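So the structure is just underneath, and the comments pick up after that.
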There are 4 protein chains.
Amino acid sequence: MPRPKKTEREQILSETRHSLLRAAIEEFARFGYGGAKVDRISQTAGFAKGTIYNYFPSKRDLMLAVIEHISTLHMEYVAEQVRQEEDPTCRLERFFEAGFGFVSDHLPQSQVMVNNLYGPDPQFREAMYRAYLPMFALVGSEIIAEGVQQGIFRQVDPQSTAALLMTIYLGTASQVSDEGKPWQRANQVADFVLNGLRR
Amino acid sequence: MPRPKKTEREQILSETRHSLLRAAIEEFARFGYGGAKVDRISQTAGFAKGTIYNYFPSKRDLMLAVIEHISTLHMEYVAEQVRQEEDPTCRLERFFEAGFGFVSDHLPQSQVMVNNLYGPDPQFREAMYRAYLPMFALVGSEIIAEGVQQGIFRQVDPQSTAALLMTIYLGTASQVSDEGKPWQRANQVADFVLNGLRR
Amino acid sequence: MPRPKKTEREQILSETRHSLLRAAIEEFARFGYGGAKVDRISQTAGFAKGTIYNYFPSKRDLMLAVIEHISTLHMEYVAEQVRQEEDPTCRLERFFEAGFGFVSDHLPQSQVMVNNLYGPDPQFREAMYRAYLPMFALVGSEIIAEGVQQGIFRQVDPQSTAALLMTIYLGTASQVSDEGKPWQRANQVADFVLNGLRR
Amino acid sequence: MPRPKKTEREQILSETRHSLLRAAIEEFARFGYGGAKVDRISQTAGFAKGTIYNYFPSKRDLMLAVIEHISTLHMEYVAEQVRQEEDPTCRLERFFEAGFGFVSDHLPQSQVMVNNLYGPDPQFREAMYRAYLPMFALVGSEIIAEGVQQGIFRQVDPQSTAALLMTIYLGTASQVSDEGKPWQRANQVADFVLNGLRR
DNA sequence: TATGAATGAGAGTTCATTCAT
DNA sequence: AATGAATGAACTCTCATTCAT
């Protein structure tokens, strides 16, 4: 029965990696990529300076791993809620609700996400776009295209409208006060958008 | 008659300052605040390393001056065009046109603006907000409140709607491809927004 | 009857030690002492990082063990061949042949040997000298002193001439091209030296 | 008269570079490339940590500059003395004298030279060979080929014999005791070599 | 005012070594 | 005996800033 042992070790490994990722997200959120210190991340996670390099080959790779991590989490969070509805209108409302919910539940994650999306580093932006393709697809095909087909929405191009919606969502959701409260409310934005979409 | 001399000197000083600001904008746009090098800015402007410190006390202050500079430019650019119209609807269309025009005409400036607005540095974000208050006011009182009063727009709160519009504008306008073309078109966005606003 | 078991265990231990030594020689030869990585040595030998510390207390001690190992091998190789001859002239020829043969048969070993001999580390140089005393003695008493006594060689001081010969041997033999071919040939060097020694 | 000023500045620059090179040679001689610390070199030269990077882009480049520096010095030292003689025999004697003299006058330089020549780093070895081509040429054409042509030396190949002589010189000269005294004496080695070369 | 050599705090990264399993 | 995650001292190199010229 050597399996349990291996699993146990993998468990620890995975937990360490997770702590490091969590600490990294916090650090990147507070200080941005340039201001983040690798040492502090490791120490925040409860490890020594060098430990982080057993898991991520460099600071950049760490950020890329963080992007991957966040996008997966974000997509799961949003998709799960959106798909509970059938009606495109409700789905869109849910999309904004879930999105705003994600932001207030995962403030540092959102901060990092937005920093990278609107930040100056092309590699990170690129990584963000790739990581968010699934959510783009969700909005484009499972909400907009669906609504157009059912005659609920105007005849708009699903692709570019999805981009517009994502932009609105990200732009509004990311504008939070220092205490983390968004300046807009989800239903307010959803209403506004629905008004623009409906026939 | 010492005045003219002083003015002339101020002129020269001002020109040097301007070259430095221009170079700084380019540098910040390409590399972000953290990646920007003070040396390179000075050299790009045609001066030696140290010269920049005769005009700006530190890298941070340089960025703050850049923010001030850009926002003034931006506001002038937009306000001038918006005020050529009387009708709130037209003004709103003009707002998006002018805004998108500014972005494509001043790509590095826009890049820096967006980086700071969505970036991790609270001091820079704060400076951005303060610098953009006039534009907020323009949209809030000279477009939205006006439209509401004239019965063209629904009864919305001018303040928060202005914030929403600014967000949409910034979010959409800042999403440019690598060649600097925005992903959305000004009139498309304006249409969308007008649909959401009209009674 | 606990003895055989212990012998067997020693056998295994010895084999592990040997693999480690072999891997260390390769590593030191390729990267020098400073550039060598303990991890890589252990892994090349087929073990995990830490294993090497069960056999050698530190990187330095590992190098000292390597020096010991190589010098013994080297001496055996050379002495065995030299002593097959009786005549000092032939012995000297054999000495260069065997020496050059050792280098081409044991390139990494030679590399390490020369690195240490001409290298900056006093402890390693010292260890090399001690380890090569037997070979010094072989050349000095069994070749040169013998030849002088038999009247074949000029009246030279065996000690310092042995040192000169060793130097010539090491210097010439260590100059190998990237493919491991020595730039000089054994008999060429031997001829040259014999010319210098003969009455 | 703006020249003197520029010259003065260049003078200072050159002096700083020289101090750094001198300190680097000392450091490399004592600790080898791997053991040398860049900070210590800068400090030994009387400057702050970072100063050295205003003159050499990296530690490796510093070593390459050192090699260049030493080889030039060495060649000048030897060539000047060798060319004072006309007769190939005397030239060869002078070559060893000058060579041994250089070693005892410039112990750290010699140490660095030999470390690199027999060391594990291919780039440094390569640089050494290239840097020593002029001395190779000096020995090959101005001593050996000359002696062969005049019928003083045996019919040997100048190229490979030059290599052999260089090897003997370097090998013997580099073997110094801890106080810096060579184990062989120049004329002893020269005699030995002349015996091997003469017809 | 412009210069650029000098500074030195501080960053990312490496890697020999330890030790609980 | 073998493992490999964790450690942290120590290294190279960067770059904002200073200041004498």
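Only heavy atoms go into these numbers, but all of them, side chains included; no hydrogens, no water, no symmetry mates. As the structure is a computational prediction, the values presented were derived from the model and not from experiment.
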Nucleic acid contacts - residues 42-51 of chain D versus DNA chain E, non-hydrogen atoms under 4.0 Å: D:Phe47, D:Ala48, D:Lys49, D:Gly50, D:Thr51
Enumerate the residue pairs fulfilling side chain to side chain donor-acceptor pair (under 3.5 Å) with a member in residues 30-39 of chain B, sequence neighbours excluded, ordered by first and then second residue. none
Atom pair distance, as rounded to whole Å: OH in C:Tyr53 and C1' in F:dG4: 13 Å
Looking at C:Asn54 and F:dA2, is any side-chain donor or acceptor paired with a base atom of the opposite kind under 3.5 Å? yes
May I ask you to evaluate whether C:Thr16 reaches the phosphate of F:dA2, defined as a side-chain N or O under 4.0 Å from OP1 or OP2? yes
Between atom NZ in B:Lys59 and atom P in F:dC15, what is the gap in whole Å? 8 Å
Show your working on side chain to side chain contact (heavy atoms under 4.5 Å, CB included) between A:Phe56 and A:Leu64 and close with a plain yes or no. CA-CA 10 Å; A:Phe56 307 95; A:Leu64 293 172; over 6 Å; no
Any pair counted as salt bridge (Lys or Arg N to Asp or Glu O under 4.0 Å), so long as it reaches residues 54-71 of chain A, sequence neighbours left out: A:Arg60-A:Asp121
Atom CD of A:Glu15 and atom P of F:dA5: how far apart are they, to the nearest Å? 14 Å
Please work out whether the ring planes of A:Tyr118 and B:Tyr118 are parallel, tilted or perpendicular, with thresholds of 30° and 60°. parallel
Toss me the dot-bracket line for DNA chain E: Watson-Crick and G-U wobble, both under 3.5 Å, 5' to 3', using | for pairs to another strand and [ ] for crossers. .||||||||||||||||||||
Could you check how far CZ of A:Phe56 sits from P of F:dA5, rounded to whole Å? 14 Å
Step by step, work out the side chain to side chain contact (heavy atoms under 4.5 Å, CB included) result for A:Leu73 and A:His106. CA-CA 10 Å; A:Leu73 184 71; A:His106 303 86; 3.8 Å; yes
Output the distance between atom NE2 (A:His69) and atom CG (A:Leu62), rounded to the nearest 0.5 Å. 11.5 Å
To the nearest Å, how far apart are A:Asp61 CG and E:dG12 C1'? 13 Å
Sub-4.0 Å heavy-atom contacts from residues 32-41 of chain A onto DNA chain F, ordered by number: none
Is A:Tyr55 close enough to F:dA6 that one of its side-chain N or O atoms is under 4.0 Å from OP1 or OP2 there? yes
Should D:Glu26 and D:Arg22 count as an ion pair when the cut-off is N to O under 4.0 Å? no
Atom-to-atom span, CD1 of C:Ile52 to P of F:dA1 - whole angstrom: 15 Å
So does C:Glu15 get a backbone contact from the side chain of C:Ser19, meaning a donor-acceptor N/O pair under 3.5 Å? yes
Which whole-number value in Å describes the distance from D:Glu27 CD to F:dT12 C1'? 13 Å
Just the rounded figure in Å: distance from P of E:dA5 to CG of D:Leu20. 13 Å
Donor-acceptor pairs under 3.5 Å, side chain of residues 43-54 of chain B to any protein atom, not counting sequence neighbours: which ones?
| unit_1 | atom_1 | unit_2 | atom_2 | d |
| --- | --- | --- | --- | --- |
| B:Thr44 | OG1 | B:Arg40 | O | 2.7 |
| B:Thr51 | OG1 | B:Ala48 | O | 3.4 |

Closest non-hydrogen atoms of D:Leu117 and D:Met128, given as atom of the first, atom of the second and distance, are CD1-CB, 3.7 Å
Considering non-hydrogen atoms only, spot the tightest contact between B:Ile41 and B:Leu20 and give its length. CG2-O, 3.8 Å
